[in-house]
Amino acid sequence: MGIASINPATGETIKTFNALTDAELEAKLAQAEATYQTYRKTSFEQRTAWMHAAAQVLEDNKLAYGRIMTLEMGKPLKAAVTEVEKSAWVCRFYADHAAEFLADAPGQTDASQSFVRYQPMGAILAVMPWNFPFWQVFRFAAPALMAGNVGLLKHASNVPQSALAIEEVFSKAGFPAGAFQTLLIGASKVADLVADDRIKAATLTGSEPAGASLASACGQHIKKTVLELGGSDPFIVMPSADLEDAIATAANARMINSGQSCIAAKRFIVAESIAEQFEQGLKAKFEALTIGDPLDEGVEVGPLATASIRDELTAQVKACAEQGATVLTGGDVPALMAKLPERLQPGHYFPPTILSQIPPGTLADQEEFFGPVALVFRVPDLDAAIRVANSTPLGLGASAWTNDPEERERLVNEVEAGAVFINGMVKSDPRLPFGGTKHSGYGRELGSQGIQEFVNIKTVWIK
Ligand code: NAP
């Protein structure tokens with residue numbers, strides 16, 4: 001795929017870009033290395049000032065940056081602006097806490113003095129996805145830069161303007177040239193890049209195949225990786241839950257980013273006794289959603305980011321229906337398109353869809369559905385709920401709804417996921433670590449744990 005901004009709401013090509021030549025890429029790597037040699041010696045006070053300035057640049061330009069995202073990947077403008085604000089939050093969070101998270105940590109031993117010192121590693125490569133074009137990058141960049149590393153971004157090929165805008169944020173904030181650079185390159189260049197001595201570690205947020213490919217290239221060169229991969233998060237509802245709240249949250253949790261979020265609730269695992277009420281409630285919420293051009297005020301569900309995402313989702317829904325699942329609402333792309341205006345016809349829209357009565361052994365047990373499709377499973381009790389929740393290869397987040405303290409404790413202990421939220425939807429928060437287990441990846445972003453991923457944890461022992 002070429003590097004281009006194509007509006008997924010209308011199919012219009014906004015701008016195309018040439019990938020960097022080998023010479024241009026070499027110049028950027030050389031600059032990253034040169035900058036690192038001085039940048040790593042800057043004080044926390046200096047980096048804090050730059051990072052607060054970056055937050056300010058984001059806040060001052062949130063509408064313009066939000067529009068770039070909406071036009072490139074189709075999220076409703078209001079959500080895009082909120083994403084810019086959240087990116088500013090993570091900058092301020094690490095600006096204020098990095099020195100504390102990376103302070104020397106004493107340990108009592110047989111030495112007169114022994115402690116741990118956290119030191120930067122060098123240039124870190126971040127391979128990022130298009131679904132949260134700003135947030136995903138800033139949650140990597142804010143801690144990495146505060147730790148004294150420099151960042152190199154290989155963003156998804158469909159969000160080049162977002163990628164360049166992010167480079168601009170750090171430059172306007174006063175960071176030295178080379179502290180954060182965007183590399184407009186295709187995925188095929190990543191393995192060679194990782195082999196370069198000047199890249200010290202890498203992180204990837206995206207699909208399992210991409211994560212496996214990066215990790216294997218890094219493995220060859222003994223370089224650390226953090227992987228944030230897909231999710232098929234369960235949303236468990238037990239009879240003691242506040243059902244109205246659970247239904248309203250379920251609709252939001254599935255529809256966030258038009259369904260294209262790794263931590264969107266995807267599999268709704270509901271106690272049989274309340275399942276009918278839950279399904280009807282969710283159906284009403286889905287059918288009330290406003291679908292259209294994501295730049296228009298009031299639109300809650302925009303297009304999917306690319307035609308291939310819509311094609312894959314269409315095939316997944318069709319396969320499940322053919323294997324016996326009931327389509328409770330949605331599923332019919334032509335019917336949705338017939339209701340949308342002429343100028344949106346080239347867009348990649350998909351209707352909010354609910355599949356229920358899904359027999360065992362369909363794709364719904366194994367694959368991530370990356371779009372506005374809720375999969376509902378009815379279960380007799382908590383044992384079955386936990387069994388179904390853990391039955392996929394993925395383990396990113398989980399949301400569980402119950403007011404029974406014993407059930408709550410079992411869910412916290414037994415659900416295989418990087419995060420469990422009780423009576424709330426899964427969300428990322430700079431103050432808490434974020435990441436997955438199983439095929440959802442390893443390592444953590446955010447919190448104190450996130451900033452300690454890309455540092456040399458040096459043990460110091462003085463007799
Ligand atoms: P993707 O195809 O894996 O793309 C993600 C990034 O990886 C892009 O920059 C892409 O570049 C690059 N890439 C693709 N193949 C690669 C390879 N073989 N080697 C190196 N880099 C490669 O992912 P996507 O489909 O755009 O994103 C959706 C997936 O991301 C979903 O599974 C979602 O759940 C997951 N995700 C996870 C998190 C999390 O925090 N765990 C957050 C958001 C999304 P090109 O664009 O140039 O191909």
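Numbering starts at 1 and runs along the sequence shown. Counting starts at 1 for both ligands and their atoms, in listed order. Just so it is clear, the model here is predicted, and its values are computed rather than measured. For the numbers below, each heavy atom of this structure counts, side chains included, while hydrogens, waters and symmetry mates do not.
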Below 4.0 Å from any atom of ligand 1, is there a heavy atom belonging to [X]?
X      : result
Glu367 : no
Leu396 : yes
Phe132 : no

Which of the numbered atoms in ligand 1 are below 4.0 angstrom from a heavy atom of [X]?
X      : result
Phe370 : 28 (C), 31 (C), 33 (C), 34 (O)
Lys154 : 9 (O), 11 (O), 45 (P), 47 (O)
His155 : 9 (O)
Trp130 : 24 (P), 26 (O), 27 (O)
Asn131 : 43 (C), 44 (C)
Val127 : 6 (C), 7 (O), 9 (O), 12 (C), 21 (N)
Ser157 : 45 (P), 46 (O), 47 (O)

Original post:
Do side-chain atoms of Gln161 reach the backbone of Ser5 as a donor and acceptor pair under 3.5 angstrom?
Top reply: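 A pair under 3.5 Å: no.
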**OP:** Could you tell me whether the side chain of Arg444 and the main chain of Gly436 form a donor-acceptor pair under 3.5 Å?
**Re:**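 Here the side-chain-to-backbone pair exists.
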**OP:** Answer yes or no: is there an ion pair linking Asp22 with Lys189, defined by an N-O contact shorter than 4.0 Å?
**Re:**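 Lys189 and Asp22: salt-bridged.
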What orientation do [X] and [Y] show, parallel under 30°, tilted 30 to 60°, or perpendicular over 60°?
X      : Y      : result
Phe170 : Phe175 : perpendicular
Phe101 : His97  : parallel
Phe268 : Phe278 : tilted

Original post:
Looking at ligand 1, does any of its N/O atoms fall within less than 3.5 Å of an N/O of Ala210?
Top reply: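 No, no N or O pair falls under 3.5 Å.
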Between side-chain atoms of residues 126-138 and protein atoms elsewhere (two or more places apart, or another chain), which donor-acceptor pairs fall under 3.5 Å?
| from | atom 1 | to | atom 2 | distance (Å) |
| --- | --- | --- | --- | --- |
| Asn131 | OD1 | Gln136 | NE2 | 3.4 |
| Asn131 | ND2 | Gln260 | O | 3.1 |
| Trp135 | NE1 | Ser428 | OG | 3.3 |
| Gln136 | OE1 | Arg139 | NE | 3.3 |
| Gln136 | OE1 | Arg139 | NH2 | 3.0 |

**OP:** Inspect the surroundings of CG in Asn413 and state if more than 12 heavy atoms from other residues, nucleotides or ligands are less than 6.0 Å away.
**Re:**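 For Asn413, atom CG is crowded (more than 12 foreign heavy atoms under 6.0 Å).
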Within reach of ligand 1, part of [X] (heavy-atom separation under 4.0 Å):
X      : result
Ser213 : side chain
Thr205 : both
Glu368 : side chain
Gln136 : side chain
Ile309 : neither
Arg139 : side chain

Original post:
Of all heavy-atom pairs between Pro8 and Thr70, which one has the smallest distance, and what is that distance?
Top reply: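 Where Pro8 meets Thr70 most closely, the heavy atoms are CD-O, 4.5 Å.
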Give every donor-acceptor pair under 3.5 Å between a side-chain atom in residues 317-326 and any protein atom, sequence neighbours left out.
| from | atom 1 | to | atom 2 | distance (Å) |
| --- | --- | --- | --- | --- |
| Lys318 | NZ | Glu322 | OE2 | 3.3 |

Original post:
If you measure from atom 6 (C) of ligand 1 to every heavy atom of Met73, Lys266, Met128, which option wins on shortest distance?
Top reply: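 Ranked by closest heavy atom to atom 6 (C) of ligand 1, first place is Met128.
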**OP:** Please report the C-alpha distance between Glu367 and Gln316 in whole Å, then the side-chain angles of each, then the deciding distance to 0.1 Å, and finally whether the side chain to side chain donor-acceptor pair (under 3.5 Å) criterion is met.
**Re:** CA-CA 9 Å; Glu367 293 186 1; Gln316 287 172 314; 2.9 Å; yes
